[in-house]
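Below is one structure; the comments refer to it alone.
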Amino acid sequence: MTVLVTGGAGFIGSNFIFHMLQEHPDCRIVCVDALTYAGNLSTLDSVMGRDGFRFIKADIRSKEAMEKVFSEEKPDAVVNFAAESHVDRSIENPSIFLETNIIGTQVLLDAALRHGTARFHQVSTDEVYGDLPFDRPDLLFTEDTPLHTSSPYSASKASADLVVLAYHRTYGLPATISRCSNNYGPYQFPEKLIPLMTINALSDRHLPVYGEGLNVRDWLYVEDHCKAIDLILQKGRIGEVYNVGGHNEMRNIDIVLLILSHLGKPESLIEFVQDRKGHDRRYAIDPTKIHDELGWLPETRFADGIVKTIDWYVENRRWWQEIISGEYRSYYRHRYGETI
Ligand code: NAD
Ligand code: DAU
């Protein structure tokens, strides 16, 4: 079986490749990635050149490039991780989000249809449901929660989901979708909350907490997300959406305090900064469907996963120091008004 993994030089895609090569040694993995600022070939060092793995630098928005990949590799399944993934960047520059996340997905869907690909799996997000109030802890996102997006990022992901479902209904493309909550773990780009705060704390820089830090995210260790996608590929029902999350809601400020405490750094490093525009208050996933239908359950407790993750950044300084490129430095200066 050949699985085409798009966006595999990014955070979750790379972890998925490691998971698949480990758990399914007979599986051939072809990774397509455009190597944007968020994609890093060094992340894939341990699998590069290995039998059963091929890396192709290509852009999912290019019909010609995707036609070539599908003709050469004839994938049995596509798992589409490739995306612009950072909400703050989507607020600054929405266009690239619409181009990559919507048009890029549609180019892949067309290629999959033309080549009779047996499964197209779209990696989506809980952000397509919008947000939940703070004072209704009983409310969770189910697969039937209406789409109600806030940012250009989430609007582009919801649009892509609708296009995937349209290709299933109209053309019979065998598609599935997963909508996961916030992931954390190794190889996450340092623009995101947990690596950003960890790296800043390690460098005794300010930890920029938006608003009062009271927004809530539902955190899942990346390996648990990868296992969920693997299960959906094996046993998921065609045309279905599966929510993925581990009932682990945390306020941002509590995550930041935990990172400082684990690293033995002072709370005085925290700086409350201007809030994100349209900031979603709370996300919380109801994973009943994937549990009941496919038997999926998260395996990593947050208390263990967060320590593993912080320690990974401590032990892999070279990885993040190398990827903090000129582009990231100027993004950081523009966004936070400080140099990194
Ligand atoms: P990431 O930003 O770390 O990685 C994205 C990858 O896609 C990068 O390697 C980048 O080079 C590649 N890419 C971007 N544009 C491309 C293009 N036009 N053609 C080919 N490759 C391109 O993102 P991530 O956090 O690993 O997220 C992966 C997927 O999972 C995204 O679709 C995201 O919406 C979804 N998701 C993320 C989370 C999370 O917490 N990070 C949670 C739920 C869902
Ligand atoms: O829920 C899934 C989504 O999780 C994915 O679809 C996105 O790709 C992924 O980036 C993530 O989105 P968030 O916006 O939740 O993640 P981020 O790490 O950017 O922010 C997490 C929370 O931390 C959010 O409430 C904003 C806050 N924050 C973030 C940054 C970067 C800060 O307070 N300060 C910061 O500097």
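From a predicted model like this one, the values you see are computed outputs, not experimental measurements. First listed ligand is number 1; within each ligand, the first listed atom is number 1.
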**Request:** Below 4.0 angstrom from a heavy atom of V209, which ligand 2 atoms are there? Numbered from 1 as shown, please.
**Result:** 33 (O)
**Request:** With heavy atoms under 4.0 Å as the rule, classify the contact between I12 and ligand 1 as side chain, backbone, both or neither.
**Result:** both
**Item:** Centroid separation Y328 to F189 less than 6.0 Å
**Value:** yes
**Request:** Evaluate the ring planes of F16 and H19, with Trp represented by its six-membered ring, and classify them as parallel (under 30°), tilted (30 to 60°) or perpendicular (over 60°).
**Result:** parallel
**Asked** Can you tell me which residue and heavy atom of the protein come closest to atom 18 (N) of ligand 1, and the distance to 0.1 Å?
**Response** D59 OD1, 2.8 Å
**Proximity to ligand 2 by part of E127, non-hydrogen separation under 4.0 Å** = side chain
**Request:** Write down the atom of I229, the atom of S178, and the distance for their closest heavy-atom approach.
**Result:** CG1-OG, 4.0 Å
**Asked** Between R179 and F141, is NZ or CZ placed under 6.0 angstrom from the six-membered ring centre and within 45° of the ring axis?
**Response** no
**Complete:** atom 27 (C) of ligand 2 has as its nearest protein heavy atom N252 ND2, 3.4 Å
**Prompt:** How far is atom 34 (N) of ligand 2 from its nearest protein heavy atom, and which residue and atom name does that atom have?
**Reply:** P208 O, 2.8 Å
**Prompt:** Tell me, which protein residue and heavy-atom name are nearest atom 40 (O) of ligand 1, and how many Å apart are they?
**Reply:** N183 N, 2.8 Å
**Message:** If you define the side chain from C-beta out and look only at heavy atoms, does anything of P137 sit under 4.5 Å from L132?
**Reply:** no
**Request:** Name the option, out of K192, E191, H279, R276, that contains the heavy atom nearest to atom 19 (O) of ligand 2.
**Result:** R276
**Fill in**
Nearest heavy-atom approach of K277 to I91 is O-CD1, 3.7 Å
**Message:** I'd like the name of whichever of R217, H206, R179 reaches closest to atom 15 (O) of ligand 2 through any heavy atom.
**Reply:** R217
**Asked** Which residue and non-hydrogen atom of the protein lie closest to atom 1 (O) of ligand 2, and at what distance in Å?
**Response** D126 OD1, 2.5 Å
**Message:** For F272 together with Y210, are the ring centres under 6.0 Å from each other?
**Reply:** no
**Proximity flag T100 to ligand 1, non-hydrogen atoms under 4.0 Å** = yes
**Asked** Can you list the ligand 1 atoms lying under 4.0 Å from a non-hydrogen atom of N182?
**Response** 40 (O)
**Request:** Give the numbers and elements of all ligand 1 atoms closer than 4.0 Å to a heavy atom of S124.
**Result:** 43 (C), 44 (C)
**Request:** Check whether more than 12 heavy atoms from other residues, nucleotides or ligands sit under 6.0 Å from atom CD of E212, and answer yes or no.
**Result:** no
**Prompt:** Taking N or O atoms only and a 3.5 Å limit, does S85 qualify as a polar contact for ligand 2?
**Reply:** yes
**Prompt:** Quick one: which ligand 1 atoms are inside 4.0 Å of a heavy atom on S181?
**Reply:** 42 (C), 43 (C)
**Request:** Compute the minimum heavy-atom distance from F81 to ligand 1 and say whether it is under 4.0 Å.
**Result:** yes
**Message:** Check for me whether G104 has a heavy atom closer than 4.0 Å to any atom of ligand 1.
**Reply:** no
**Prompt:** Judging by distance only, is a nitrogen or oxygen of A34 under 3.5 angstrom from one on ligand 1?
**Reply:** yes
**Request:** For the pair S203 (side chain) and R205 (backbone), establish whether a donor and an acceptor sit closer than 3.5 Å, ignoring hydrogens and angles.
**Result:** no
**Asked** Is D224 reaching over with its side chain to a backbone N or O of E299, donor-acceptor style, under 3.5 angstrom?
**Response** yes
**Fill in**
Quick note on ligand 2: atoms under 4.0 Å from a heavy atom of T125 include exactly 1 (O), 2 (C), 3 (C), 5 (C), 6 (O)
**Asked** According to a 4.5 Å side-chain heavy-atom criterion applied to Ile, Leu, Val, Met, Phe, Trp and Tyr, with indirect links allowed, do V107 and V79 form part of one hydrophobic cluster?
**Response** no
**Request:** Return yes if some donor-acceptor pair links the side-chain N/O of D292 with the main-chain N/O of I290 below 3.5 Å, else return no.
**Result:** no
**Prompt:** Under a heavy-atom criterion of less than 4.0 Å, does S14 contact ligand 1?
**Reply:** no
**Considering all heavy atoms, the nearest S151-E127 contact** = OG-OE1, 4.3 Å
**Asked** Which of the listed options, L108, D126, I60, L35, holds the heavy atom that is closest to atom 19 (N) of ligand 1?
**Response** I60
**Message:** Working to the nearest 0.5 angstrom, can you tell me the gap between M48 CE and F55 CZ?
**Reply:** 5.5 Å
**Prompt:** Is the distance between the ring centroids of Y242 and W296 under 6.0 Å?
**Reply:** no
**Asked** What closest approach, in Å, do F18 and S46 show between heavy atoms, and which atom pair accounts for it?
**Response** CE2-OG, 3.7 Å
**Request:** Indicate, as side chain, backbone, both or neither, the part of K157 found under 4.0 angstrom from ligand 1 when only non-hydrogen atoms are considered.
**Result:** side chain
**Prompt:** Among protein heavy atoms, which sits nearest to atom 30 (O) of ligand 1, and what does the distance come to when rounded to 0.1 Å?
**Reply:** V123 CG1, 3.5 Å
**Prompt:** Tell me, which protein residue and heavy-atom name are nearest atom 33 (O) of ligand 2, and how many Å apart are they?
**Reply:** Y210 N, 2.8 Å
**Prompt:** Any idea which protein heavy atom is nearest atom 6 (O) of ligand 2, and the distance to it?
**Reply:** Y153 OH, 2.5 Å
**Asked** When you look for heavy atoms under 4.0 Å from ligand 2, do you find them on the side chain of K157, its backbone, both, or neither?
**Response** neither
**Region of F11 engaging ligand 1 - heavy atom pairs below 4.0 Å** = both
**Request:** For residues Y221 and Y184, establish whether the separation of their ring centroids is below 6.0 Å.
**Result:** yes
**Message:** Show the atoms of ligand 2 that are less than 4.0 angstrom away from any heavy atom in H86.
**Reply:** 19 (O)
**Item:** Y283: numbered ligand 2 atoms lying under 4.0 Å from its heavy atoms
**Value:** 1 (O), 15 (O)
**Asked** Can you name the nearest heavy-atom pair linking D161 to S124, along with the distance?
**Response** OD2-OG, 2.8 Å
**Message:** The test is side-chain contact (heavy atoms from CB on, under 4.5 Å); show your working for L109 and V163 and say whether it passes.
**Reply:** CA-CA 9 Å; L109 288 165; V163 180; 3.7 Å; yes
**Prompt:** Among protein heavy atoms, which lies nearest atom 36 (O) of ligand 2, and at what distance?
**Reply:** Y336 OH, 2.6 Å
**Message:** Looking at E249 and R217, is there a salt bridge between them, counting it only when a charged N and a carboxylate O are closer than 4.0 Å?
**Reply:** no
**Prompt:** With a 4.0 Å heavy-atom cut-off (strictly under), which part of Y153 contacts ligand 1: side chain, backbone, both or neither?
**Reply:** side chain
**Prompt:** atom 9 (O) of ligand 1: which of D33, T105, V32 has the nearest heavy atom?
**Reply:** D33
**Fill in**
min-distance protein heavy atom vs atom 21 (C) of ligand 2 -> L193 CB, 3.8 Å
**Message:** For T6, run the side chain to side chain donor-acceptor pair (under 3.5 Å) check against D33, D59, N80, T105 and tell me which one passes.
**Reply:** N80
**Message:** I need the contact type for N182 against ligand 2. Using non-hydrogen atoms and a strict under-4.0 Å cut-off, is it side chain, backbone, both or neither?
**Reply:** both
**Asked** Which part of V87 is near ligand 2, with near meaning a heavy atom under 4.0 Å away: side chain, backbone, both or neither?
**Response** side chain
**Complete:** Checking heavy-atom distances from atom 43 (C) of ligand 1 to each of S85, C180, A9, G13, the winner is C180
**Request:** Please write down residue, atom name and distance for the protein heavy atom closest to atom 10 (C) of ligand 1.
**Result:** T36 OG1, 3.3 Å
**Asked** So, does A58 sit close enough to ligand 1 that a heavy atom of it is under 4.0 Å from the ligand?
**Response** yes
